[in-house]
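These numbers were taken from a predicted model, which means no experiment stands behind them.
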Amino acid sequence: MPVPYGALIPLGIITAMFGVSGSLLHLTKTYAHEGKPPRYCLDNWDKQMMERDKRLTGSPHRQTSEPIAPKEFTTNSVWYLTSKRILWQ
Amino acid sequence: MAVPKNPNISDYAFVDPTPMPAEIPKVDEVGSTSAPLHSAAYFIGAYCKEYNEDFMLCKNENNDPAHCLKEGRKVTRCAIDLLRKLRENCDKEFEAHWNCLDTNNQEFHRCRAPERKFNACVLSALKLEKFIPDSPQGKPPIHLKENPLYS
C-alpha cells in the first residue's frame, strides 16, 4: 500500500497549532513579567522582597544594584497599614 | 471585569503621613533590589559579621523595633559600604551573576558558572570568601562541588 502523504497535511496543521499556542503563551508570560520568565514557588520572603523591589524601582520585576535608596523609599511602605497575620506555608 | 491582582504587591502609590521623629539619626537605606542582594549575600555575611551579630543579639533581647535602631543603622551602613566596593571592583562579574539569578527564579544552583567568576574576583579584590555555615563536614560545600548531579 503506498505511503499516505496526504495525512501529513493535517499533521502539519496540528503541529502548527501547538506551536502557535505555545508561542503565544510564552510571549504573554514574558510580556507580563517584563522580559523574564515568571517567578514560581514564592514563599513569604520572596513575596515581601518583590514588594520591596516594587517600592524601589516601580515594578516587582525590575532590578537595580544602587547602594543607596531613593528618598521616597523611606515613606512609601504600606506594611504598617496591612493586617499582620502569621502565615504558615 | 477586574483582573484579580497579586495581593502581596501594593498597587497604589503611598506616602506615609507620619515619618520618623526628628531626634532619630537619619540613615540612607540600602537601595539594591533582591537579585543583587542575593548575589552579594554571603559577602555581606563575611564583611559585616560583627554588626550583624550585634543586631541579632540585640533583637534576641527585645523584639521591639525601637530597641535596636542603633545596631540596625550600623548594619545598613555596612551593607551600603560593601555594595559600593563590589560595584567599584567587580562590577561586570557582579552584574553577570545577578542578571543570571534574575532570569532563574533567584536560585543559586542554576547560576554556578557566573558565581565562580564572581567569587574569584571578590576573593582577589576584597579578600572575602563565600562560606556556607552548617554545611556538612568532610564534604566540599555545595557551591564548590565538582560535577553535581543537578546542574
Looking at chain B, which one of A:Val78, A:Leu81, A:Thr57 has the largest number of heavy-atom pairs inside 4.5 Å, strictly under? A:Val78
Report the option among A:Gln63, A:Lys36, A:Gln48 that has the most heavy-atom pairs separated by less than 4.5 Å from atoms of chain B. A:Gln63
Under 4.5 Å heavy-atom distance to chain B, tell me which part of [X] shows up: side chain, backbone, both or neither.
X: A:Trp79; answer: neither
X: A:Arg62; answer: backbone
X: A:Ser77; answer: backbone

Any heavy-atom pair between the side chains of [Y] and [X] that's under 4.5 Å?
X: B:Glu29; Y: A:Thr74; answer: yes
X: A:Pro67; Y: B:Arg87; answer: yes
X: A:Arg52; Y: B:Leu37; answer: yes
X: B:Phe14; Y: A:Thr75; answer: no
X: B:Asn8; Y: A:Met50; answer: no

Leading residue by heavy atom contact count with chain A [cutoff under 4.5 Å; candidates [options]]:
options: B:Ser39, B:Pro19, B:Ala40, B:Ala35; result: B:Ala35
options: B:Phe94, B:Tyr12, B:Trp98; result: B:Trp98
options: B:Asp102, B:Asp16, B:Thr103, B:Val15; result: B:Asp102
options: B:Pro36, B:Ser34, B:Ala13; result: B:Ser34

Keeping B:Asn105 on the side-chain end and A:Tyr40 on the backbone end, is there a donor-acceptor pair under 3.5 Å? yes
Spell out, as yes or no, whether a donor-acceptor pair under 3.5 Å connects the side chain of B:Thr33 to the backbone of A:Thr64. yes
Does a sphere of radius 6.0 Å around NE2 in A:His26 hold more than 12 heavy atoms from other residues, nucleotides or ligands, not counting ones at 6.0 Å or beyond? no
Counting only heavy atoms from other residues, nucleotides and ligands, does the tally under 6.0 Å from NZ of B:Lys117 exceed 12? no
Shared hydrophobic cluster, [X] / [Y] (ILVMFWY, side-chain heavy atoms < 4.5 Å):
X: B:Tyr47; Y: B:Val30; answer: yes
X: B:Val27; Y: A:Ile68; answer: no
X: A:Met17; Y: A:Ile9; answer: yes
X: B:Ile142; Y: B:Phe108; answer: yes
X: B:Ile44; Y: B:Val122; answer: yes

If you check every heavy atom in residues 58-86 of chain B against those of chain A, which residues fall under 4.5 Å? B:Ile80, B:Leu83, B:Arg84
Verify side-chain contact (heavy atoms from CB on, under 4.5 Å) between B:Gln106 and A:Met49, making sure each step is shown before the conclusion. CA-CA 11 Å; B:Gln106 316 281 357; A:Met49 284 302 276; over 6 Å; no
Report yes or no: do B:Ser10 and A:Glu51 form a side-chain donor-acceptor pair below 3.5 Å? yes
